[in-house]
Amino acid sequence: MWHALATPWGTIAYDWDGARLVRVRLGHVPGAAFAGDDPAAGWLSAYFRGDPLPCLPPLALPATPFQARLRKALLAIPVGTTCAYGALARELGTSPRALGQALRANPLPVVIPCHRVVAARGLGGFAAGLIWKARLLAWERLLARECAAERLVMHRGTD
DNA sequence: CGATTAGTCCTTC
DNA sequence: GAAGGACTAATCG
């Protein structure tokens with residue numbers, strides 16, 4: 001069942017089957033209603049408001065064994081940082097292009113941070129449209145900076 | 001520098 | 001099976 005959700009950059013939609021998050025679509029989905037009050041809505045709205053993130057909602061199982069390993073690797077990339085296709089491919093013992101295919105097939109963008117993987121020079125690609133990749137990365141850079149500043153204050157005081 | 005090419009292997013039809 | 005990429009390092013002008 002598709003649910004709509006407002007973000008600073010327009011509405012997005014996610015498919016919650018009652019127990020797990022099945023897919024996420026960046027952009028408008030015709031049939032989607034705004035009634036969402038489930039763990040996926042909680043996580044996504046926290047993300048887009050810049051609040052501390054709760055635990056991930058239950059996610060649909062990965063389609064292939066490789067995607068299972070990929071998912072784990074992606075979730076290990078911290079907010080505000082990025083990783084190169086080549087580097088991640090080596091880490092997973094595969095080729096950069098193959099990694100790109102697997103990333104393109106990710107049904108859960110944002111929640112599974114496939115946008116944190118960028119090309120050696122430039123952004124690389126993004127299934128939902130490059131503009132979203134740029135926005136998400138900029139947003140996360142901002143959040144990470146804010147977080148770092150806060151830690152600094154805790155440590156040294158404001159003066 | 002920019003253009004071209006070969007190597008790579010996961011997804012999809 | 002076959003084809004085609006969300007890539008990259010190397011080679012060539």
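Order of the sequence lines sets the chain letters (A, B, ...), proteins ahead of strands, with each chain counted from 1.
- The two residues A:Gly10 and A:Thr7 make their nearest non-hydrogen contact at O-OG1, 2.5 Å.
- Judged as a side-chain hydrogen bond (donor to acceptor under 3.5 Å, both in side chains), and not counting sequence neighbours, the contacts of A:Asp51 are A:Arg49.
- Side-chain heavy-atom separations under 4.5 angstrom define the hydrophobic clusters, and the remaining members of the one that includes A:Val29 are A:Trp2.
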In a table with atom names and distances, give each donor-acceptor pair under 3.5 Å that connects a side chain of residues 93-105 of chain A to protein atoms at least two apart or in another chain.
residue : atom : partner : partner atom : Å
A:Ser95 : OG   : A:Ala98 : N            : 3.3

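- Rounded to whole Å, atom P of C:dA6 lies 17 Å from atom CG of A:Leu26.
- Residues passing the salt bridge (charged side-chain N to carboxylate O under 4.0 Å, His left out) test with A:Asp15 are A:Arg23, sequence neighbours excluded.
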Donor-acceptor pairs under 3.5 Å, side chain of residues 73-89 of chain A to any protein atom, not counting sequence neighbours: which ones?
residue : atom : partner  : partner atom : Å
A:Thr81 : OG1  : A:Pro78  : O            : 2.8
A:Tyr85 : OH   : A:Gly125 : N            : 3.4
A:Tyr85 : OH   : A:Lys133 : NZ           : 3.2

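- Rounded to a whole Å, the CZ atom of A:Arg121 is 13 Å from the C1' atom of C:dA10.
- Under the rule for a ring pair (Phe, Tyr, Trp, His ring centres under 6.0 Å), the partners of A:Trp43 that lie at least two apart in sequence or sit in another chain are A:Tyr47.
- Taken together, the paired segments of DNA chain B that extend over three or more consecutive Watson-Crick or G-U pairs, each closer than 3.5 Å at both contacts, are B:1-7 with C:7-13, B:9-13 with C:1-5.
- Distance, A:Arg104 CZ to B:dC13 C1': 12 Å, rounded to whole Å.
- Considering only residues two or more places apart in sequence or on other chains, A:Arg25 meets the side-chain hydrogen bond (donor to acceptor under 3.5 Å, both in side chains) condition with none of them.
- For A:Arg121, there are no side chain to side chain contact (heavy atoms under 4.5 Å, CB included) partners two or more places apart in sequence or in a different chain.
- Applying the side-chain hydrogen bond (donor to acceptor under 3.5 Å, both in side chains) rule to pairs touching residues 52-79 of chain A yields nothing, sequence neighbours excluded.
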Extract from the structure each pairing of a protein N or O with an N or O of nucleotides 1-3 of chain C at less than 3.5 Å, listing the distance.
none

Using nucleotides 6-10 of chain B, report all nitrogen or oxygen pairs with the protein that are shorter than 3.5 Å.
residue : atom : partner : partner atom : Å
B:dG7   : O6   : A:Arg97 : NH1          : 2.5
B:dC9   : O4'  : A:Ser95 : OG           : 3.3
B:dC10  : OP1  : A:Thr94 : OG1          : 2.9

